[in-house]
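Written out below as structure tokens is the structure these notes cover.
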4 protein chains.
Amino acid sequence: MSSKITPNIVSPPKKIKVGILGATGTVGQRFITLLSDHPWFIIEALGASERSKGKRYREAVKWKQTIPLGGLGLGGIGTSETEKISSTDLRSDDGRVGDLIVKGCIPEEFKTCQLVFSGLDADVAGDIESAFRSANISLFSNAKNYRRDPHVPLVVPLVNPSHFSIIPQQQRLHSPSLSKGFIVTNANCSTTGYVIPLAALEKAFGPIESVLVTTMQAISGAGYPGVPSLDILGNVVPYIGGEEEKIEWETLKILGGITDSETEFDKNGVPLKTFDMHQAGGRPALRVSASCNRVPVVDGHMECVSLRFHRRPPPSPQQVREALSAFTPEVQTLGCPSAPRKAIEVFEEPDRPQPRLDVKGTHNGAGVSVGRVRQCQVLDIKFVVLSDNVSIGAATSSIINAEYAVLKGVVS
Amino acid sequence: MSSKITPNIVSPPKKIKVGILGATGTVGQRFITLLSDHPWFIIEALGASERSKGKRYREAVKWKQTIPLGGLGLGGIGTSETEKISSTDLRSDDGRVGDLIVKGCIPEEFKTCQLVFSGLDADVAGDIESAFRSANISLFSNAKNYRRDPHVPLVVPLVNPSHFSIIPQQQRLHSPSLSKGFIVTNANCSTTGYVIPLAALEKAFGPIESVLVTTMQAISGAGYPGVPSLDILGNVVPYIGGEEEKIEWETLKILGGITDSETEFDKNGVPLKTFDMHQAGGRPALRVSASCNRVPVVDGHMECVSLRFHRRPPPSPQQVREALSAFTPEVQTLGCPSAPRKAIEVFEEPDRPQPRLDVKGTHNGAGVSVGRVRQCQVLDIKFVVLSDNVSIGAATSSIINAEYAVLKGVVS
Amino acid sequence: MSSKITPNIVSPPKKIKVGILGATGTVGQRFITLLSDHPWFIIEALGASERSKGKRYREAVKWKQTIPLGGLGLGGIGTSETEKISSTDLRSDDGRVGDLIVKGCIPEEFKTCQLVFSGLDADVAGDIESAFRSANISLFSNAKNYRRDPHVPLVVPLVNPSHFSIIPQQQRLHSPSLSKGFIVTNANCSTTGYVIPLAALEKAFGPIESVLVTTMQAISGAGYPGVPSLDILGNVVPYIGGEEEKIEWETLKILGGITDSETEFDKNGVPLKTFDMHQAGGRPALRVSASCNRVPVVDGHMECVSLRFHRRPPPSPQQVREALSAFTPEVQTLGCPSAPRKAIEVFEEPDRPQPRLDVKGTHNGAGVSVGRVRQCQVLDIKFVVLSDNVSIGAATSSIINAEYAVLKGVVS
Amino acid sequence: MSSKITPNIVSPPKKIKVGILGATGTVGQRFITLLSDHPWFIIEALGASERSKGKRYREAVKWKQTIPLGGLGLGGIGTSETEKISSTDLRSDDGRVGDLIVKGCIPEEFKTCQLVFSGLDADVAGDIESAFRSANISLFSNAKNYRRDPHVPLVVPLVNPSHFSIIPQQQRLHSPSLSKGFIVTNANCSTTGYVIPLAALEKAFGPIESVLVTTMQAISGAGYPGVPSLDILGNVVPYIGGEEEKIEWETLKILGGITDSETEFDKNGVPLKTFDMHQAGGRPALRVSASCNRVPVVDGHMECVSLRFHRRPPPSPQQVREALSAFTPEVQTLGCPSAPRKAIEVFEEPDRPQPRLDVKGTHNGAGVSVGRVRQCQVLDIKFVVLSDNVSIGAATSSIINAEYAVLKGVVS
């Protein structure tokens, strides 16, 4: 889990101009909400589809956030604490985001941005994101299109930012090679939530052999309009297309390491880096079985997890609780501003966490909450984990990834 | 699974007078609804607490069923099919149930009943049910109090009615011994739903070694007033007090057989019968791990099940589907009127069954629905099962148990 | 309210072949469910869009009804009561509807139908319905397109089937004139529900002067996919596009009479019939003010109604209750098979009716339920009315209209 | 609306010690949450029932707020802005509230408090609140018990804080007369929400003659456990016991003024003050008709309001919008810290406000949101108003009332 990138941490520039692709969509609206009072990042440009291009953002968007658009600024509010204003206050620069003119999603329109976030839908993200990278732009994407690319890191910021170390290879293999452009993706929301405690447990107790996870996922995970109300009101739908495969596959890439390939080399004979998919070397492979359900909850994915460790005897429930609570990811120690103060909040109450009460936790949606840690009669340990699918499960992960990249000098 | 009781099936008497204990509660209301057009059973007496005693039922009850009380008869509508009237029709004897005077829950008031159903709450069921048995009354209970009693059968009627064979021992060991009185319980609602496909699979493929079950349970399972709306609206509660233990324990009793004890004998030296708890003999023990959640669904428990068979290689998903679909419990072949025409409905659609659409299925809530049968990456097979927790999960099981007892001559 | 059509009632033919347009949509699915065990009507042809044409219905439809498609027949099950089978039973001819090949929505494909129901969406209903009429087909439409047409009756079957009397004029004014083709529409779901008690009260107490109605409408009223879950889960949306205008306008047409125009004549000098829009003659005009809200309820529109009578003093709440309960529409006395046994069920309990418990009432969704009749401090009387928006509010109204037309000889 | 109390505004003391009665209940938890970062008030003492007395608050309470108890301080965080810390931050003094020992609800335990808030249930509030007043304690109550008392002001802080002027009479008539003790109540949640726009409109356009209001109220309005989930999930309940009477009655007291009685005098011959109940003098009486519904929404009461002005012609919808938006209550201009920056937010979007998106608005629940201002076909104007029933509808009103009392010198 330790970073393999250059260890010299740069001090963050006071203002970093950022762009947002897919700005009118659900994820885009979250990027805007989160960045509106960000200490470093300033919203410089918003991109959306042809239909929205040229309009003021407030006219182009069907705003669906509980924080009113009219109360949002452009971020970059300085490093001085006294300049920081509570998000519930009205600000003198109210609504500046709403006044921005929406641009098309072409790299030329984002030349002044030092990095770009993508909340694009998968059906258009592929070509657009590729074009941005080719234009030498650093792109942090929430879309699924490049998650399986062998040269693109799939990064849950509380788990595997060390995978950023593959970016130089991604840039070198591009034709022509790139000095600044790259794509980093974050994981699917249901993967993100449960892989954080898994990482904490592997760090403390060594490899996990098997995981059974049953999810109860919120409707906001499907975007807008997303799930028709007739399908989900007072109902459970025991299926989310492609979700189980994503969890089962992404977990292996995220929890695996990066090693030099023993069989692949570039034209200069340099061994290519490769993701070990949590199964290389002498260690036991990880098997993951997921069952995904949609439930009538607005925000917050609940996941019931049972797992078996390689180590015998396995840790006790109390040891598991302590390891989860003690877990401190590198993005915290490094000082990423959006990292949670506590990565994993462990509940002792028997009936917590619950989405409605705990989705934001004490970490404002940037960490996860675990409860009901107890023995499993079939595997070793079982527990529930709750994550804020629209925060750490989506835009917040992209933002922490970008913060990490800035602090590590990956973005200049 | 074959019956061990006397094989000569008696033809049902035309009219059997029955009583209902706990008649004003949620389960009691279900008993009344289901019995109001039953072909054999006639509602003769209703029992409730002191507060309700002496009132007309319509005044005593806060009716919460979607079928109006005013449209319900007293059952026992004859064996001639032409006398049977659709439940959606208004009947000439409308509302006869509402006119009954509620009695106290004492055996003397139910002397004219040939059998009695109990929908009592657990906090009062213990003493009352015991008193009814001692008064030589046949009692079919939905309460949990006697489920763990080593002489009381815990019967899911589609699974283990053969356990009725322990009743003579229950009667013999009572002091004084009983000629007609006994207690039969049905299982907890979440156990009932998922144990039916387990039984079908054990019948087809031999012992199951491990089961992991994650439930998403409806609010009606908690009775009325039950779950406060502030706890569950737009929420998931990852805990139901005592439920996981019930599933883990009841499954073993239900799926186990009954054998003669090798160490216990009655005063005449007759070996006592004993439940083998699914772990006797040379067969592998069954391990069950349950995680129970409450979800904002009115009726219908969804359960995600993963299991491992003893047999290697395990059956394929298609073989599992076929075995489930072909499962025909004894209560069907015997002709119990409330048994479902199809015990297990297997869905091929990827997103079914769903509580809102499928809880009644084609079996009117007396069977279960299974979907998403597929391989499990950790165990062998996984699937979802949906059961109507207020029908087969509660009163309907008691009623089929009683029908079985009548057909087998256990109730005379 | 008395019929102005020819009084000689014809006895219904045993079998009447019917078609359904828009058969795969929400309303089309309801038509199929309701007609599957209809005593007269036989489903002969199903029409849908190009995408579905040529497929078996079971492959073309995304079935969303709680009664499984596999359990539905084709209706026309004979006039003998003994042939009638309860809808909860499985039938020997199960799934015949699912086997029908879907046709395109062109009149040639429906030549063998004696009448056709339309559940088409408004964006296509205009041209298709017009083509069917021109092809001399009797069409009963749930779409809004022709509701404002001055020659098309807008009929709530429990209120104003007398408006069928304008059909001969509709046929005569068509070029060329029609012998059998016509269009009859039913009203918007929220109009239908509350106009039934209004009609009952006008019949008993004379003209109503003012009505204020605030609706709380179910999501099924918006069809499928309809309302996005993110908009309505745990929420109220105080707006339904066009709905308030529909209620305010349709009420006037429905509660008004039909008179001969004093200013318009056809080419033969025959005075044209005209709807008086509830404001002609010496009587006071009716003013209607509607506020429409969407609430997270699956089925059942609740409406809070306050009204002022012309008559002074106004009737008392008890008189209003009695008049509502006594209301007997012509379609009942005439014997329309789908008419409710009781048009208006009046509740005395203070907290009823409620959608979840009472939407089907004792009338299986073909009548309405009224509760909380009491004095209004500003107007005269207030009450709530609950109607089943997918039954009497949609397909059921079309079907009763067709039954009425058959009994009156309007359809031959 | 102008204050009739002594006009010299005192500057607030830096720290004011306050107590909370009913601290473990729903309203009590809200008081704690709101006061935990209050600039003046310091939580000094918590009172609850015998069952909780003597326990640490964290052990006594079943915490149900979305902001964790562990993140709350004791308020009184200084008048310097730089000392103020965002509520989403973790604080060094986390959880101090949880450490407080719960006291019994007796005045002796609250002697060090300068004022006390009551979130007591109505069944105990009567005697306890009276005892506190007699003990010369200033009490701000959310309970209903004294709302109708002719000497107790019923104050919606954005509407009628001028009614505080009756307090000297309340103290003078007490035996023995009181120097500091008094009771002030705030209004029922559904009254509070809609009376704010009514007050704004009366201020701008003169008397309103008639109001029809139909409410759709959130479940949190009923406290905990409150509404059983089986009653409200996917349902609407058209009845809330006593609620319509409260709205109809409280509105008259709140919108009326205070005048000297012409018939009642105290023993010194001083005329007694009296509430004019919005009907004294030459002005037209106000008639209010309310219909109250419970809907499955967690927080936020929606109310559909239609009203008729005395003035002819009535104002246009645009004039109404402007008057609502311009409304500036005295508590704002006076500088009450918990007063909203904007009392009434007026939405132009046709489908807003909505509870889930707008309940907190830009006013953090201390103001109200109005939308859909348009003509009414029966009265003059109609609109919807949304209020946060657990903030301005409950504890927030008590707190602003107390702030006002401090600034006016009523509490010393």
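Lettering of chains follows the sequences in order, A, B, ..., and the numbering in each one begins at 1.
- Residues of residues 346-359 of chain D that come closer than 4.5 Å to chain A, counting heavy atoms only, are D:Asp351, D:Arg352, D:Arg356, D:Leu357, ordered by residue number.
- Legend: residues meeting side chain to side chain donor-acceptor pair (under 3.5 Å) with A:Asp299, ordered by chain and number and at least two apart, are A:Ser220.
- Interatomic distance, CG of A:Leu233 versus CG of D:Leu233, reported as 7.5 Å (0.5 Å rounding).
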